[in-house]
Number of protein chains: 2
Amino acid sequence: MTGGYLKGRMRREDIITAAIEVYREAGYNGSSLREVAKRAGITHAGLLYYFPTKEALLAAVLERRDAEDTEREKLDIAPGIDLLRHLIALAEYNVAHRGIVEVYARLAAEAVAPGHPAHEYFIRHYRIARESALATFRTLAANGELRPGVDPEAAAVAFIAMEDGLQVQWLTTPDEIDLVGSLRFYLQSLLTVPLG
Amino acid sequence: MTGGYLKGRMRREDIITAAIEVYREAGYNGSSLREVAKRAGITHAGLLYYFPTKEALLAAVLERRDAEDTEREKLDIAPGIDLLRHLIALAEYNVAHRGIVEVYARLAAEAVAPGHPAHEYFIRHYRIARESALATFRTLAANGELRPGVDPEAAAVAFIAMEDGLQVQWLTTPDEIDLVGSLRFYLQSLLTVPLG
DNA sequence: CCTACCGATCGGTAGG
DNA sequence: CCTACCGATCGGTAGG
């Protein structure tokens, strides 16, 4: 009988979902276990039965994100122009789900401080993102699809920066910024072939 | 005799300086009036004599930033390639003063929420930054210094995004990111003439 | 500007 | 999972 365990696992997921919602509104530092617990329908002491500290809950939130990312990568798109198209599709998804963008933009800004509990996570996150972008730009260069003079290393850093920066501007003034259009335009400017 | 007033003004400046320091470490939401007051050498009730609420202190911090920006603009650089060079010099200054970058990156992320006390400030801030960049890219285009196919409007949004995004990546992993180099490389890729 | 205080809220623990 | 509690900290006020 795994019934009890199953229920516990589901409860944990509910708490994580509630936490993401609260982080989105208040950031991690500004959030409280009591608010997260209330939205999950338990007391804050009950929450601490599942996640022994505030940090443990944050770790679980970031773990879920990694799990989702891993799942998406199961699509197993090869580096190259198709991956760029996939990233644009992902940006479209994000625009329709403002919440997740807000959570990670706020967390990333909080976590620049070396002591922050998510600091190491974001160091790793950026490293992986840059490496993935680098592989793609190198492939494009090899295929003659990268505009001459565009250095793959520099483009990788710049592309991640562009994604992050557009998100903050878009979150601040959603009506004035076309996130997907801007991203597409930027990527197209690096290429010799149409993104489509 | 303006002695009393002068002393008051100086005390206010000391408090604002202390506030910037604390915001840098903890963000605005994560900061406390007691911590700011301690660094300014007074009690938190004393601070509230100068700034009646936590929000009033934030407003003063943002006002100082505007004042500094206005002073820099007194240099009165015309839109165009010289302004781009000036922005690169500004980025160099920022890299040497990590604190101010951290304050505004964190504040910008917190302030994406419509209810945040600095939300309107950042809406205005981004609008002004974009307009300034747009004027420059239009001038460059008119002079044939902008690479063909680069749309000034799109480039303005993208350039501000690039600045913001590079800052967060650089703050997270200062040793892995060459902020000024990346920015210079990006700008050069938009031009037909050397930035120098 | 300070002392002294207020009510509210925080993360975490005890003990069941 | 809850009730009940802890010490710490918060923004703000009174009253001088």
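In what follows, chains are A, B, ... by sequence order, proteins preceding strands, each numbered from 1.
When heavy atoms are screened at a 4.0 angstrom cut-off, A/Thr43 is found touching base atoms of the nucleic acid. Among the heavy atoms of the strands lying under 4.0 Å from B/Leu33 are primed sugar atoms or P, OP1, OP2 only; no base atom is included.
Side-chain proximity of B/His44 to the nucleotides D/dG11, C/dC2, D/dA4 is greatest for D/dG11. Side-chain atoms of A/Ser32 lie closest to C/dC10 of the nucleotides C/dC10, D/dG11, C/dA4. Between C/dT13, D/dG11, C/dG12, one nucleotide has an atom nearer to the side chain of A/Thr53 than all others, and that is C/dG12.
Side chain of B/His97 to main chain of B/Tyr93: a donor-acceptor pair is present (N/O by atom type, distance under 3.5 Å, no hydrogens or angles).
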For DNA chain D, just give me the dot-bracket, please: Watson-Crick or G-U, both distances below 3.5 Å, ( ) intra-strand, [ ] crossing earlier pairs, | paired with another strand, . unpaired. ||||||||||||||||

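Stacking of A/Arg106 on the aromatic ring of A/Tyr23 is not recorded, the 6.0 Å distance cut-off and the 45° axial limit not both being met.
Rounding to whole angstrom units, CG of residue B/Leu57 and P of D/dC10 are separated by 14 Å. Here the P atom of nucleotide D/dG12 and the CD atom of B/Glu55 are 8 Å apart, to the nearest Å. Counting to the nearest Å, the P atom of C/dT13 and the NZ atom of A/Lys54 are 15 Å from each other. For B/Leu48 and C/dC5, the CG to C1' distance is 14 Å, given to the nearest whole Å. Rounded to a whole Å, the CZ atom of B/Phe51 is 14 Å from the P atom of D/dG12. Straight-line distance from the CD atom of A/Glu35 to the P atom of C/dC10: 8 Å, rounded to whole Å.
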Test log, rule side chain to side chain donor-acceptor pair (under 3.5 Å), inputs B/Arg65 and B/Thr70: CA-CA 9 Å; B/Arg65 198 235 165 121; B/Thr70 302; over 6 Å; no

Pair B/Tyr104, B/Asp164 - check side chain to side chain donor-acceptor pair (under 3.5 Å), show working. CA-CA 10 Å; B/Tyr104 290 102; B/Asp164 282 3; over 6 Å; no

Assess the residue pair B/Thr173 and A/Arg130 against the criterion (side chain to side chain donor-acceptor pair (under 3.5 Å)); give the C-alpha distance rounded to whole Å, side-chain angles, the decisive distance to 0.1 Å, and a yes or no. CA-CA 12 Å; B/Thr173 51; A/Arg130 267 179 244 135; 3.3 Å; yes

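Of the two residues near DNA chain C, A/Ser31 and A/Tyr49, the one whose nearest nucleotide lies more 5' is A/Ser31. Both A/Arg34 and B/Tyr50 sit near DNA chain C, but only B/Tyr50 has its closest nucleotide nearer the 5' end.
Ring orientation note: the planes of B/Phe159 and B/Tyr186 are close to parallel, at an angle under 30° on the 30°/60° scale.
Near DNA chain C, meaning a heavy atom under 4.0 Å away, there are no residues from residues 12-30 of chain B.
When each of B/Val193, B/Leu190, B/Leu191 is tested with B/Leu140 by the rule side-chain contact (heavy atoms from CB on, under 4.5 Å), just one qualifies, namely B/Leu191.
The aromatic ring centres of A/His116 and A/Phe122 sit 6.0 Å or more apart.
A salt bridge does not link B/Arg127 with B/Glu120: every distance from a Lys NZ or Arg NE/NH1/NH2 to an Asp or Glu carboxylate oxygen is 4.0 Å or more.
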